[in-house]
Each structure stands twice: as structure tokens, then as C-alpha cells.
Amino acid sequence: MRPRIEPDRAALEVAHRLLRTDVPLEQLLASRPLSLILHNVARRHMQRRAQADLKKLQAADAD
């Protein structure tokens, strides 16, 4: 089984916006259940971001 990817700060901030909550990011990170939700959404964002980068690289390929 692969180790879980830890999301970076930018991914956490994007996930916070995607959740559309009034609770500040730092407070979400302090709460264990809310932190798990935030990290899962951030991981999904990182996966989508990585896929988009690959497509951009393929589109710029000169072959």
C-alpha cells in the first residue's frame, strides 16, 4: 500500500474554499474530524491538479 500524500498549504487553502465554510482554516485544522475531511478534499484536489499538468505537457509536445 502506498503512503498517503500530505497536502501542501496551497491545496489545503483550495480545499477550504471548495468546502465553502465560514469556519477559518486554522480552526478546521485544529478539529480532528474536520481536519480529516479537509485533508481528503485537498488530496483529491492535488490528484486533479497533477492530471491537469500532464495534459498540458502532452498538448505542448512537438512530436
Side-chain angles (χ1 to χ4, degrees):
M1 190 161 72
R2 296 186 329 198
R4 281 193 167 177
I5 299 170
E6 277 303 310
D8 56 355
R9 181 69 182 195
L12 290 173
E13 290 174 0
V14 170
H16 182 252
R17 278 182 289 186
L18 288 172
L19 290 174
R20 295 182 181 161
T21 180
D22 294 335
V23 180
L25 178 61
E26 298 304 323
Q27 193 173 354
L28 284 178
L29 291 171
S31 170
R32 176 80 174 144
L34 296 176
S35 177
L36 290 173
I37 294 170
L38 183 68
H39 278 81
N40 284 336
V41 173
R43 282 187 198 101
R44 273 191 286 141
H45 167 71
M46 289 178 69
Q47 289 173 345
R48 286 191 303 255
R49 183 175 65 185
Q51 289 175 353
D53 289 346
L54 290 175
K55 290 179 183 179
K56 286 180 184 177
L57 289 174
Q58 289 173 353
D61 194 6
D63 288 347

Distance-only, no hydrogens or angles: does the H45 side chain make a donor-acceptor pair with backbone N or O of V41 under 3.5 Å?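 No; judged by distance alone, with no hydrogens or angles, the pair does not exist.
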Do R9 and E13 meet the salt-bridge criterion of a basic N to acidic O distance under 4.0 Å?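 Yes, E13 and R9 are salt-bridged.
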Apply side-chain hydrogen bond (donor to acceptor under 3.5 Å, both in side chains) to Q27 and list each qualifying residue two or more places apart in sequence or on a separate chain.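 Result, side-chain hydrogen bond (donor to acceptor under 3.5 Å, both in side chains) vs Q27: none returned.
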Under the side-chain hydrogen bond (donor to acceptor under 3.5 Å, both in side chains) test, which residues partner N40, sequence neighbours left out?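 Per chain and number, N40 pairs via side-chain hydrogen bond (donor to acceptor under 3.5 Å, both in side chains) with R43.
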Co-membership, hydrophobic cluster, residues M46 and I37, 4.5 Å side-chain: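 Per the 4.5 Å side-chain linkage, M46 and I37 are not co-clustered.
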Cluster link V14 to I5, ILVMFWY, side chain under 4.5 Å: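 No; I5 is not reachable from V14 via cluster members.
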Considering all heavy atoms, the nearest [X]-[Y] contact:
X: L19; Y: L38; result: CD1-CD1, 3.8 Å
X: V23; Y: H16; result: O-NE2, 2.7 Å
X: A11; Y: A42; result: O-CB, 3.7 Å

Kindly compute the distance separating CG (L29) from NE2 (H39), expressed to the nearest 0.5 Å.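 Rounded to the nearest 0.5 Å, the CG-NE2 separation comes to 6.0 Å.
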